[in-house]
Q: 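Dumping the structure here so I can ask a few things about it.
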Protein chains: 2
Amino acid sequence: MAMTVRTICLAILYEGEATGYEIRKLSTEGEYAYFVDASYGAIYPALARLEDENLVTARIEAQDGKPAKKIYAITAEGRRVFIGSLFDRLGEDDLKSEFLLFARFAPELPQSLVSQRINERLDQTREMIKELEDHSAKDVAPADRWVLDFGLTCMRSAHAYLVGHRDDLIAMARPEEGAAAAE
Amino acid sequence: MAMTVRTICLAILYEGEATGYEIRKLSTEGEYAYFVDASYGAIYPALARLEDENLVTARIEAQDGKPAKKIYAITAEGRRVFIGSLFDRLGEDDLKSEFLLFARFAPELPQSLVSQRINERLDQTREMIKELEDHSAKDVAPADRWVLDFGLTCMRSAHAYLVGHRDDLIAMARPEEGAAAAE
DNA sequence: TCGCACATGTAACGTGTTACATGATTAG
DNA sequence: CTAATCATGTAACACGTTACATGTGCGA
């Protein structure tokens, strides 16, 4: 498994028909945002290639007012290939966190900045948790809920850590120039 | 901040001199493995470019037996540029998890495979926790420890989730063909 | 003796992003 | 009237990986 845009397209189409436009939304906002953030420039060519390989089929649907849609559906062969790829050895997760790199350099940065960034982080974390909870509240398949709950568990502990250790990191940062010793 | 190989080179050199070879080790095995996995093909050209821009300097050190080293050091300008980049708005973390995608499709996969992959996952998680603990045990800077502890917190809750919900996911998978109803 | 660790670097290739091109409808 | 949403697609560019090229010394 290589988890490229191609893989994500197949994964999404495995669960039902979709257009390139919809796939992009799912991959950046929806339940798949977990896995990748794909852009049009990657999705459309990937779908075209999948069609060439007969792993998906396309059907065009005219709409009035709006541009015509190109609705993709996975083929039996596509299902076989996708599931087959899940038997391959899994690559390790990779996490890329600018926040954590930032945090390492807290001692070189002003307290106000560190404080602000942690707050932004907390907000993002809370929002992510809310989104996951909303998803989980819906009627999702059990395996999807399992994944969602995994994410929630991690996010909640990250949140708790931030709340509990926020001040520690701020304390390591450079005191503001001309800051009063007030409260 | 864009967290490219270039950024990682500056971050590593910020803390002390290093060769391209060493940077690669740190970025794949060491404490920076958190942030990226960089290969030689990315690191050497990045360092050459940083040298052109006067953000780092290089000094060649001959060794007998082994090939000559090219030791890089960050310049004052390099420090300024790097720290300056930390003031930029941070990009959101992105996590790319093949394991989670795999888990979503558990109902389409045989129990033996799902079971095996979860076990592998558990092993990896345990190993990661051990590595982080070992690092944390060393005499690291407080901000580094903060980051390490953040990672540990998340990893430990992921581990606990896997231990507690392992069987749930396996139960969702396809029962083995010809499997006995034993035990 | 086989392969690994040390050590640097290039070239081909793959994969993805950004910006552009096009264009109607609808909500603020 | 302005921006966003719907909708597809291409081209230039950036970034990174893999494999290759080169070569020594050491441990199993």
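As the structure is a computational prediction, the values presented were derived from the model and not from experiment. We name chains A, B, ... by the order of the sequence lines, and we start the count at 1 in each one.
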Q: For B:Thr153, give me all partners under side chain to side chain contact (heavy atoms under 4.5 Å, CB included), at least two apart in sequence or on another chain.
A: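 Partners of B:Thr153 by the side chain to side chain contact (heavy atoms under 4.5 Å, CB included) criterion, ordered by chain and then number, come out as A:Ser157, A:Tyr161.
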
Q: Kindly state each residue pair satisfying ring-ring contact (aromatic ring centres under 6.0 Å, His included) with at least one member in residues 42-79 of chain B, sequence neighbours excluded.
A: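 As it turns out, the ring-ring contact (aromatic ring centres under 6.0 Å, His included) pairs with a partner in residues 42-79 of chain B, which skip direct neighbours, are B:Tyr40-B:Tyr44.
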
Q: Using salt bridge (charged side-chain N to carboxylate O under 4.0 Å, His left out) as the criterion, list what pairs up with A:Glu53, not counting sequence neighbours.
A: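 If we apply the salt bridge (charged side-chain N to carboxylate O under 4.0 Å, His left out) test to A:Glu53, skipping adjacent residues, the hits are A:Arg6, A:Arg49.
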
Q: What pairs of residues pass the side chain to side chain donor-acceptor pair (under 3.5 Å) test when at least one of them lies in residues 81-92 of chain A, not counting sequence neighbours?
A: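 Output for this query lists A:Arg89-B:Glu120.
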
Q: Could you tell me the separation between the CD atom of A:Glu29 and the P atom of D:dA4, rounded to a whole number of Å?
A: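 Result: 14 Å.
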
Q: Hey, are B:Arg117 and B:Glu98 close enough for a salt bridge, meaning a charged N less than 4.0 Å from a carboxylate O?
A: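 Salt bridge absent between B:Arg117 and B:Glu98.
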
Q: Sequence neighbours left out, what passes salt bridge (charged side-chain N to carboxylate O under 4.0 Å, His left out) with B:Glu31? Give chain and number order.
A: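 B:Glu31: salt bridge (charged side-chain N to carboxylate O under 4.0 Å, His left out) contacts with A:Arg104.
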
Q: Among all residues two or more places apart in sequence or in another chain, which pass the salt bridge (charged side-chain N to carboxylate O under 4.0 Å, His left out) test with B:Asp123?
A: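 Here the qualifying residues are B:Arg126.
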
Q: Could you work out, with salt bridge (charged side-chain N to carboxylate O under 4.0 Å, His left out) as the rule, every residue matching B:Asp93, not counting sequence neighbours?
A: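 By the salt bridge (charged side-chain N to carboxylate O under 4.0 Å, His left out) rule, B:Asp93 matches A:Arg121.
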
Q: End-to-end bend of the helix from C:dT1-D:dA28 to C:dG28-D:dC1 (five-pair axes, 10° rounding)?
A: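 Its terminal axes enclose an angle near 40°.
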
Q: How close or far is atom P of C:dA5 from atom CZ of B:Arg24, stated in whole angstroms?
A: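 From B:Arg24 CZ to C:dA5 P: 10 Å.
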
Q: For A:Asn119, give me all partners under side chain to side chain donor-acceptor pair (under 3.5 Å), at least two apart in sequence or on another chain.
A: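 Scan of A:Asn119 (side chain to side chain donor-acceptor pair (under 3.5 Å), adjacent residues dropped) gives A:Arg166.
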
Q: Using a cut-off of strictly less than 4.0 Å between a heavy atom of the residue and any atom of DNA chain C, enumerate the qualifying residues of residues 7-22 of chain B by number.
A: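 DNA chain C contact set from residues 7-22 of chain B: B:Thr19, B:Gly20, B:Tyr21.
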
Q: Could you tell me how far apart B:Ile71 (CD1) and C:dC6 (P) are, to the nearest whole angstrom?
A: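 About 15 Å, once rounded to whole Å.
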
Q: Determine, for nucleotides 10-20 of chain D in 5'-to-3' order, which nucleotides have protein heavy atoms under 4.0 Å from the base (write B), from only the sugar-phosphate (write S), or from neither (write -).
A: B-----SBB--

Q: Let me know the distance between NZ of A:Lys69 and C1' of D:dG9, rounded to the nearest Å.
A: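 In whole Å, D:dG9 C1' lies 18 Å from A:Lys69 NZ.
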
Q: Give the minimum heavy-atom separation between A:Thr7 and A:Ala2, together with the two atoms involved.
A: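 Here A:Thr7 and A:Ala2 meet closest at OG1-C, 4.4 Å.
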
Q: Between P on D:dA7 and CG on A:Leu47, what's the gap in Å once rounded to a whole number?
A: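 A:Leu47 atom CG is separated from D:dA7 atom P by 15 Å.
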
Q: If you look at every strand shown and take non-hydrogen atoms under 4.0 Å, does B:Ala48 touch a base, only sugar-phosphate, or nothing?
A: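 Answer is nothing: B:Ala48 stays at 4.0 Å or more from every strand.
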
Q: Take atom CD1 of B:Ile60 and atom P of C:dT8, then tell me their distance rounded to the nearest Å.
A: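 Rounded to whole Å, this separation is 10 Å.
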
Q: Restricting to nitrogen or oxygen on both sides, can you table the protein-nucleotides 24-26 of chain D pairs closer than 3.5 Å?
A:
none

Q: Within the pair B:Lys25 and C:dA7, is there a side-chain N or O less than 4.0 Å away from OP1 or OP2?
A: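 Answer is no, no contact under 4.0 Å.
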
Q: Atom CD of residue position A:Glu127 - does it have more than 12 heavy atoms of other residues, nucleotides or ligands inside 6.0 Å?
A: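 Counting other residues, nucleotides and ligands, CD of A:Glu127 stays at 12 neighbours or fewer.
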
Q: So, B:Glu108 and A:Arg79, do they make that salt bridge, N to O below 4.0 Å?
A: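 Judged by the 4.0 Å cut-off on N to carboxylate O distance, B:Glu108 and A:Arg79 do not form a salt bridge.
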
Q: Can you find a pair of side-chain heavy atoms, one from B:Glu77 and one from B:Leu55, that are under 4.5 Å apart?
A: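 B:Glu77 reaches B:Leu55 side chain to side chain.
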
Q: OP1 or OP2 of C:dA7 less than 4.0 angstrom from a side-chain nitrogen or oxygen of B:Gln63, does that happen here?
A: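 For C:dA7, OP1/OP2 do have a side-chain N/O of B:Gln63 under 4.0 Å.
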
